[in-house]
Structure formats: C-alpha cells, structure tokens
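Below is one structure, written out as structure tokens, with a few remarks after it.
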Amino acid sequence: MKKDIIIPTIENVFIAAVQEWSDDFMEKVWYAYLVNDSDFKLDGVMIVSKAFGTISGEMKKTSLLRHAYVEVPAVSVVKIEMIEKSVLALNNEFMLTFFMGDKLYDRKFIFRANSITPDYVEEVPILFVDGVIVR
C-alpha cells in the first residue's frame, strides 16, 4: 500500500539567507529568500517560518510567521522576511508548500543554529550575491 504513494521531490527550489544593508537598523541584516531556480512556476505558495532551540540551557521558540504568494515565476526570487539577529542562535525552520502543475509539493528547510554566518556563504543562483543556502 505504501509503495503506491508517490511523494514528489523538490528540485531547484530552495531557501537562502542573504545579508543586506538596512537603512532602518543602520547595519547589515539577514533576509530569507525563496529561490525558484526551476523552469516551472510555483502556484499557491505558502511558507510558514519559526525559530526554536536552546539558549543558555533554556528552551526558546518564536511565533509562527505565515507568508502566501499566488505565484512565483520560473527562475525568480521572492524576499520572505528579515531574520532578526537574536534568532540566529536558534534553528530557523521554513516549511514550504506549493503546487507545480497539478502536484502538491511540501518540504521543510532548516538553517541549523548559528549556521547563518559569513563563514558558510556561497553564491546564491539568480541573485548572484553571497548567502547561506539550505537545499
């Protein structure tokens, strides 16, 4: 019975954290982006984000943030949200759900605690800037 269930895999769609200058904070801050490096548009995109983990032995978690996009064109990028400096020490999770054609795709992307740093940057496709990528 389980062998009859086909779970489609997501390829060329990922989340990236990119550091940019913010005039509001007068410093560089991290922003999360949804990168669609595929040849297909994404429909009915929903992203739920949260951060969780321990700091100084105490369990911490943030509120859920929800983002919805009617369509994300092929080979494009969408800015999701700013990642606040204090949650970089936590695991940052992004749950992505979308339709591609008539199939529903669902995947969880997690930036591990303290992994969003300049030490782990690589070039982000389409944006052509340095960022931390979770595939």
Side-chain angles (χ1 to χ4, degrees):
M1 190 83 172
K2 284 186 178 181
K3 64 181 169 70
D4 296 329
I5 299 172
I6 299 170
I7 300 173
T9 58
I10 297 176
E11 294 180 10
N12 299 322
V13 177
F14 50 89
I15 305 290
V18 175
Q19 199 171 30
E20 298 175 357
W21 178 260
S22 170
D23 289 333
D24 293 335
F25 297 103
M26 297 304 290
E27 66 180 352
K28 284 189 167 186
V29 295
W30 291 93
Y31 288 94
Y33 282 88
L34 169 62
V35 180
N36 180 10
D37 197 18
S38 72
D39 296 329
F40 306 99
K41 71 176 181 153
L42 312 179
D43 292 310
V45 178
M46 197 156 124
I47 302 170
V48 179
S49 65
K50 68 178 180 180
F52 60 93
T54 56
I55 297 177
S56 302
E58 186 178 339
M59 186 63 176
K60 302 279 186 181
K61 66 179 181 175
T62 64
S63 301
L64 294 177
L65 297 178
R66 295 171 183 87
H67 309 276
Y69 307 96
V70 174
E71 180 181 298
V72 177
V75 190
S76 67
V77 178
V78 174
K79 187 183 274 190
I80 303 169
E81 66 186 36
M82 183 186 89
I83 303 172
E84 214 279 320
K85 187 175 13 178
S86 65
V87 300
L88 294 177
L90 301 171
N91 296 309
N92 287 272
E93 176 182 292
F94 293 84
M95 184 59 138
L96 171 65
T97 306
F98 62 90
F99 284 95
M100 187 183 296
D102 61 346
K103 290 188 180 173
L104 178 67
Y105 292 80
D106 191 44
R107 173 128 183 244
K108 187 184 300 183
F109 297 90
I110 298 177
F111 291 97
R112 296 287 171 206
N114 299 310
S115 68
I116 302 176
T117 67
D119 299 336
Y120 299 108
V121 297
E122 59 185 279
E123 187 176 64
V124 178
I126 304 171
L127 280 175
F128 303 110
V129 296
D130 287 341
V132 180
I133 300 174
V134 175
R135 289 183 162 82

Please list all pairs passing the salt bridge (Lys or Arg N to Asp or Glu O under 4.0 Å) test where one or both residues lie in residues 15-31, with sequence neighbours left out. E20-K79, E27-K85
Listed partners of S22 passing side-chain hydrogen bond (donor to acceptor under 3.5 Å, both in side chains), at least two apart: none
Which pairs pass side chain to side chain donor-acceptor pair (under 3.5 Å) with one or both residues in residues 5-16, sequence neighbours excluded? none
Using every non-hydrogen atom in the two residues, find where A16 and V35 come nearest and quote the distance to one decimal. CB-CG2, 4.2 Å
Donor-acceptor contacts, no H, no angles, side chain residues 44-52, under 3.5 Å, sequence neighbours left out:
residue, atom, partner, partner atom, Å
S49, OG, E81, OE1, 2.9
S49, OG, E81, OE2, 3.1

Just grab all the salt bridge (Lys or Arg N to Asp or Glu O under 4.0 Å) pairs involving residues 95-105, residues at least two apart or on different chains. none
In this structure, OG of S38 is separated from CZ of F14 (nearest 0.5 Å) by 10.0 Å
Which residues pass the side-chain hydrogen bond (donor to acceptor under 3.5 Å, both in side chains) test with T117, sequence neighbours left out? none
Quick note, salt bridge (Lys or Arg N to Asp or Glu O under 4.0 Å) partners involving residues 60-69, not counting sequence neighbours, are E58-K60
Report yes if some heavy atom in the side chain of W21 is under 4.5 Å from a heavy atom in the side chain of M26; otherwise report no. yes
With N92 via side-chain hydrogen bond (donor to acceptor under 3.5 Å, both in side chains) - residues at least two apart: none
Would you name the heavy atoms of N36 and V72 that are closest together and state the gap between them? ND2-O, 3.5 Å
So the salt bridge (Lys or Arg N to Asp or Glu O under 4.0 Å) pairs with at least one residue in residues 32-43 (sequence neighbours excluded) are K41-D43, K41-E71
Side-chain donor-acceptor pairs under 3.5 Å in residues 127-135, sequence neighbours left out?
residue, atom, partner, partner atom, Å
R135, NH1, E122, OE1, 3.4

For I55 and A89, which heavy atoms make the closest approach, and how far apart are they? CD1-CB, 4.3 Å
Where W30 and I116 come nearest, the two heavy atoms and their spacing: CD2-CG2, 3.4 Å
Taking ring-ring contact (aromatic ring centres under 6.0 Å, His included) as the test, write out the residues that go with Y105, two or more places apart. F98
Donor-acceptor pair, N91 side chain versus A113 backbone, under 3.5 Å? yes
Return the CG to CD1 distance between L88 and I83, rounded to the nearest 0.5 Å. 6.5 Å
Non-neighbouring partners of T97 that pass side-chain hydrogen bond (donor to acceptor under 3.5 Å, both in side chains), sequence neighbours left out: D106
Distance check, rounded to the nearest 0.5 Å: I110 atom CD1 versus I15 atom CD1? 12.0 Å
